[in-house]
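Below is one structure, written out as structure tokens; comments come after it.
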Amino acid sequence: MPENRYDNNYASRLLIRIAVVLCPLILVLILAIRQASSSSLMSFDGYILMGVGATLLIVGTVWVFRLYSHYRCRECGELLPANLLATSAKNYPRYYCQSCDIVWTTEPPVPGD
């Protein structure tokens, strides 16, 4: 029977990636709004800002979801596939490492559990 372990750092790694994506995206949005409000017609700069924002959104989304799909075992470092059928009740993904016989749960542990 595999051992169940919690990955306590998963949530912080995920939140850091989301913050790294959202900060530049919000900055581009603010610049685009300021540029659009300064003139009645959208200039070339506005289209450039929209393109940069769309690119940041796409690349950032891929980078954030890469953490989900490219999970590595915390013991041996082996790349583990995401098992969508073995999610917890709150839809936190679980990953099974065959070489260590460990099920990694990304759900934060409940105190007293």
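Throughout, numbering of the chain's residues begins at 1 and tracks the sequence. Because the structure is predicted, anything quoted here is derived from the model rather than measured. Heavy atoms only: backbone and side chains are in, while hydrogens, waters and symmetry mates are out.
- Within a 6.0 Å sphere centred on CZ of Arg66, other residues, nucleotides and ligands contribute 12 heavy atoms or fewer.
- Using a 4.5 Å heavy-atom threshold, the side chains of Asp101 and Glu3 count as separate.
- Contact annotation: the side chain of Val21 approaches that of Val64 to within less than 4.5 Å [non-hydrogen atoms, C-beta and beyond].
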### Task
Carefully, step by step, assess Val103 and Arg5 under the rule side chain to side chain contact (heavy atoms under 4.5 Å, CB included).
CA-CA 6 Å; Val103 174; Arg5 290 197 191 169; over 6 Å; no
### Task
Test side chain to side chain contact (heavy atoms under 4.5 Å, CB included) on Asn9 and Arg74 and set out the steps.
CA-CA 10 Å; Asn9 296 327; Arg74 307 301 284 165; 3.5 Å; yes
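- Neither Val62 nor Val59 shares a network with the other; the hydrophobic side chains, linked directly or stepwise wherever heavy atoms of I, L, V, M, F, W or Y lie under 4.5 Å apart, form separate groups for each.
- Between Met50 and Val28 there is no side-chain heavy-atom pair separated by less than 4.5 Å.
- Hydrophobic clustering (side-chain heavy atoms under 4.5 Å, transitive across Ile, Leu, Val, Met, Phe, Trp, Tyr) groups Leu27 together with Leu57.
- The main-chain N or O of Trp63 is found under 3.5 Å from a side-chain atom of Arg17 such that the two form a donor-acceptor pair.
- Ring-plane geometry between Tyr71 and Trp104 is classed as tilted, the angle between the planes lying from 30 to 60 degrees on a 0 to 90 degree scale.
- No side-chain heavy atom of Glu78 sits less than 4.5 Å from a side-chain heavy atom of Gln98.
- Residues Ile48 and Leu56 are members of one and the same hydrophobic cluster, defined by side-chain heavy-atom contacts under 4.5 angstrom among Ile, Leu, Val, Met, Phe, Trp and Tyr.
- Shortest non-hydrogen contact noted between Ala19 and Pro24 is O-CD, 4.4 Å.
- Going from atom OH of Tyr96 over to atom OG1 of Thr105 covers 13.0 Å, rounded to the nearest 0.5 Å.
- Tracing side-chain contacts under 4.5 Å through hydrophobic residues (I, L, V, M, F, W, Y), one reaches Leu14 starting from Val20; they form part of the same cluster.
- Taking the side chain as every heavy atom from C-beta outward, Leu80 and Arg72 never approach each other to under 4.5 Å.
- No side-chain heavy atom of Tyr6 sits less than 4.5 Å from a side-chain heavy atom of Thr106.
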